[in-house]
Structure formats: C-alpha cells, structure tokens
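Okay, so here's the structure we're looking at.
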There are 2 protein chains.
Amino acid sequence: MASISTIESIILGCLTTRPMSGYEIKQLISLSTSLFYNASYGSIYPILRKHEEADLVCVEELIENGRFKKIYHLTEKGYSTFLAWLEEPPQPITMKNDMLVRLFFYNNLTCEKQCEIIRMYLDHLRDFRQRLEGIAAAAYSDPYKEYTLCWGKDFYVFLIEWYENLLNDLEKPSM
Amino acid sequence: MASISTIESIILGCLTTRPMSGYEIKQLISLSTSLFYNASYGSIYPILRKHEEADLVCVEELIENGRFKKIYHLTEKGYSTFLAWLEEPPQPITMKNDMLVRLFFYNNLTCEKQCEIIRMYLDHLRDFRQRLEGIAAAAYSDPYKEYTLCWGKDFYVFLIEWYENLLNDLEKPSM
DNA sequence: AAAATTATATATCATTATGATATATGGAGG
DNA sequence: CCTCCATATATCATAATGATATATAATTTT
C-alpha cells in the first residue's frame with residue numbers, strides 16, 4: 001500500500017477537527033503548521049479532488065449567503081489512512097534558509113556590510129518573534145497544538161540568540 | 001534587472017572558490033549548505049546551462065583520465081551578479097518538518113505511541129548530531145563556512161533539548 | 001450613497017525543484 | 001574477472017509554488 005505524502009496528510013489532519021472547505025484548510029494551515037510545513041492553493045485543491053476519488057473525503061456542495069461552497073468531510077477510510085501516516089517514521093528536516101547561504105559566502109563582503117545585513121536581519125527576526133508571541137496558545141483545542149506553537153517561538157528565540165552571538169563575534173576586532 | 005534565485009546564487013558562490021564541474025558543485029553543496037539549502041542535479045545542470053547563456057559562467061570542456069568533463073569558470077559578470085545577490089534582503093525561512101506536523105495532530109494517538117515515536121526520533125536526532133560533530137570545521141577555508149557548520153550543530157542541539165523536554169512533559173502523569 | 005478595499009471561495013497555470021532513472025567510464029577490492 | 005563504488009552528465013515524471021483569474025459578499029473609506 002503506497003503511503004500518502006505529508007501535505008496530503010495535513011489536509012486529512014485538518015479535517016479531523018471538523019469538516020471544512022479548501023479555503024478554510026488553507027487558512028488553518030497558514031496560522032498553524034505553515035512555519036514548519038506550508039501548503040499552497042495549487043496543492044490543496046488538486047489533493048482534495050484526489051482524496052475524493054480515493055474515498056478519503058466526501059464533498060457536500062452548498063450555497064451559503066449566496067456563495068458557492070464545497071465542504072469536505074473526512075471518511076472512515078480517510079481517518080484510518082491518516083492514523084497510519086501518523087505512526088510512520090518522520091522524514092529528515094529540509095529547509096530554505098538563504099540568510100545562512102549568504103553567511104556561508106560572507107568572505108566576499110566587507111565586515112561593515114556583513115554587520116549591517118545581520119543587524120537588519122535581527123530586526124526582522126525580533127519582529128517576527130513578537131508576532132508569534134502575540135498568538136495565544138489558549139486559542140488551540142489541545143496541548144499538542146500549543147506545543148508546536150511553542151516550538152515556533154523557541155526556534156525564533158534560538159535564531160535571535162545565535163545571530164546576536166555572531167554579531168558580537170564579527171564586531172570584536174580580530175587579533 | 002531581474003534578480004537571480006538562491007539556488008542560482010549558490011552555484012555561482014561555489015564557483016567563487018574555484019572552477020569546478022556540475023558534479024563537484026553538487027558534492028560541495030551536499031556537504032556544506034545542504035542542511036539549510038539543498039540543490040539536486042535536476043536543478044544544477046539546467047542552471048549551469050542558463051548561467052552559460054547569460055555569460056555568468058564559461059565552460060572548459062576536457063577529457064580527464066578518459067572521462068569527459070565540463071569545468072565551469074565564473075566570469076566577472078557572474079561574480080558581480082553574485083555580489084549583488086549577497087546584499088539583497090534575505091527571504092523568510094521555509095521548512096519541511098513533518099515530525100512537528102505529526103506532533104500537531106498527536107491527540108489522535110495514545111500517549112505510549114507518542115512517546116515511542118519521540119524516543120525513536122530523538123535517537124535519530126542524536127545520531128545525526130554525532131555525524132555533524134564529526135565534521136572538522138578546520139577543513140573549511142574561511143571562518144564563515146565554520147559559522148554555518150556551527151549553526152547546523154547548534155540547531156540539532158536545540159532540537160534534541162526541545163524533544164527531551166517534550167518527552168519529560170508527556171511522560172509526567174497529568175493531573 | 002457610492003466607491004474602494006478586504007475577505008471569502010474555487011480554480012488553473014507557468015515556472016521551479018525534487019527524486020529517480022538512464023547512461024557510461026574508471027578504479028578498487030575480492 | 002567480476003562486482004561495486006565513485007565520477008560525470010543528462011533527462012523526465014511528478015510535485016509544489018506563487019501568481020493570476022474569476023466572482024461575490026462584507027466592510028471601510030471617501
């Protein structure tokens with residue numbers, strides 16, 4: 001039995017909380033898992049159709065406030081497929097972190113320029129962290145969702161401290 | 001002037017150290033930036049051709065030990081394009097971290113199963129960290145490459161500590 | 001009250017990137 | 001001698017992104 005992908009699983013996972021539309025799934029992902037796993041409309045809509053064909057979800061078409069809407073419901077097969085995925089071994093973490101790529105090649109830049117960019121980057125990291133801190137963990141339905149929110153906050157604290165140390169190092173006059 | 005992408009820049013960046021083949025570029029990326037930015041052959045070879053057409057690199061075709069080889073050299077235009085990229089503002093970090101996706105939906109699993117998976121995951125993280133620690137920073141030509149290696153090690157220390165704390169939390173009998 | 005903007009909602013598409021596979025040769029070890 | 005691994009280039013189906021198109025409802029601004 002061929003296993004399903006992470007994005008396919010996230011979509012099923014969203015539907016374990018309640019039936020919702022593709023648009024609502026995208027919204028939920030954006031303000032919950034997007035920091036560690038994102039998905040675009042260009043993935044979500046085709047996967048929902050694929051899930052429907054595989055009987056993992058079923059569709060309820062309705063008109064709400066004059067607006068056409070497709071509500072996706074998780075089937076039992078969809079739920080058991082999701083549970084099976086949950087127990088599969090996690091894949092290695094991959095990342096797109098171009099600030100570290102820049103740092104890797106920083107010997108091509110003057111020290112002033114390096115520090116200027118890192119200072120700007122730190123501002124951005126602190127801004128982002130502030131926005132994360134603003135999200136109330138209590139808004140979530142269970143402790144696991146709080147844990148992952150907490151991971152995001154901890155990760156940005158790690159990044160900020162790391163770049164602060166780097167800046168200290170670079171600003172220290174070398175011997 | 002349209003800017004170049006991060007992968008396109010990494011390839012130019014590799015060529016700032018010395019001229020090399022597509023195969024060598026892939027090798028260098030695999031054991032240096034891959035942790036925070038990876039690239040596959042399916043990206044590298046087409047980009048090298050694109051760079052050649054844009055005069056960012058030039059090609060030296062040769063036969064070494066009877067084996068056909070294309071050595072790519074960075075042009076001046078290629079170097080200035082790379083320098084311009086270095087000063088551009090960094091993009092937000094994106095990630096594929098499916099362990100956190102699993103955690104996000106862990107209310108669907110028994111506590112024993114949760115702990116079992118996290119313990120296995122911690123083993124994997126510790127293994128990976130050990131392998132990272134084995135890479136000698138001294139092998140690198142400049143301190144910036146050491147910094148990024150150090151970031152990788154620090155990131156895995158962060159992850160290990162984070163999941164150790166999580167495991168403690170989950171194993172603690174709830175009131 | 002009209003206009004503009006934002007939110008809801010689905011869908012598609014060109015471009016980008018991955019992961020796998022194909023092809024071929026040299027070198028090392030059993 | 002044969003197998004396996006490293007070197008080396010290339011392509012391709014599949015996946016995923018980011019942007020755009022389309023349309024309507026709700027809200028905010030002028």
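Throughout, protein chains are lettered first and strands after them, A, B, ... in sequence-line order, and every chain is numbered starting at 1.
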Q: Decide ring pair (Phe, Tyr, Trp, His ring centres under 6.0 Å) for A/Tyr163 and A/Tyr121; before the verdict, give the C-alpha distance in whole Å, the side-chain angles of both, and the deciding distance to 0.1 Å.
A: CA-CA 9 Å; A/Tyr163 282 102; A/Tyr121 189 61; 5.0 Å; yes

Q: Could you tell me whether a side-chain N or O of A/Asn165 sits under 3.5 Å from a main-chain N or O of A/Asn168, the two making a donor and an acceptor?
A: no

Q.
In whole Å, I'd like the distance from the CG atom of A/Leu62 to the P atom of D/dA25.
A. 15 Å

Q) What about B/Phe155 and B/Phe36, are their ring centers closer than 6.0 Å? A) no

(Q) For B/Tyr147 and A/Trp162, take the angle between the two ring planes, folded into 0 to 90°, and tell me which bin it lands in: parallel under 30, tilted 30 to 60, perpendicular over 60. (A) perpendicular

Q | Donor-acceptor pair between A/Asn108 and B/Tyr79 side chains, under 3.5 angstrom | A | yes

Q) NZ of A/Lys26 versus C1' of C/dA7: gap in Å, rounded? A) 15 Å

Q) Taking the six-membered ring for Trp, is the centroid-to-centroid distance between A/Phe128 and A/Tyr156 below 6.0 Å? A) yes

Q. So, A/His73 side chain and A/Val57 main chain: donor-acceptor pair closer than 3.5 Å or not?
A. no

Q) B/Ser40 has a side chain; which of C/dG19, C/dG26, D/dT17 sits nearest to it? A) C/dG19

Q | Check: B/Lys70 side chain, B/Glu60 main-chain N or O, donor-acceptor pair, under 3.5 Å | A | no

Q: In whole angstrom, give the distance that lies between atom CD1 of A/Ile7 and atom P of C/dT18.
A: 14 Å

**Q.** A/Glu76 atom CD, neighbour heavy-atom count above 12 within 6.0 Å
**A.** no

Q | Bend angle of the helix from C/dA1-D/dT30 to C/dG30-D/dC1, from helix axes over five pairs at each end, nearest 10° | A | 30°

Q. Considering only heavy atoms, which members of residues 50-60 of chain A lie under 4.0 Å from some atom of DNA chain C?
A. none

(Q) Please confirm whether the ring centroid of A/Phe105 lies under 6.0 Å from the ring centroid of B/Phe82. (A) yes

Q) Within less than 4.0 Å of OP1 or OP2 of C/dT18, is there a side-chain N or O belonging to A/Lys96? A) yes

Q: Starting at the 5' end of nucleotides 8-14 of chain D, put B wherever the base has a protein heavy atom under 4.0 Å, S where only the sugar-phosphate does, and a dash everywhere else.
A: BBBBB--

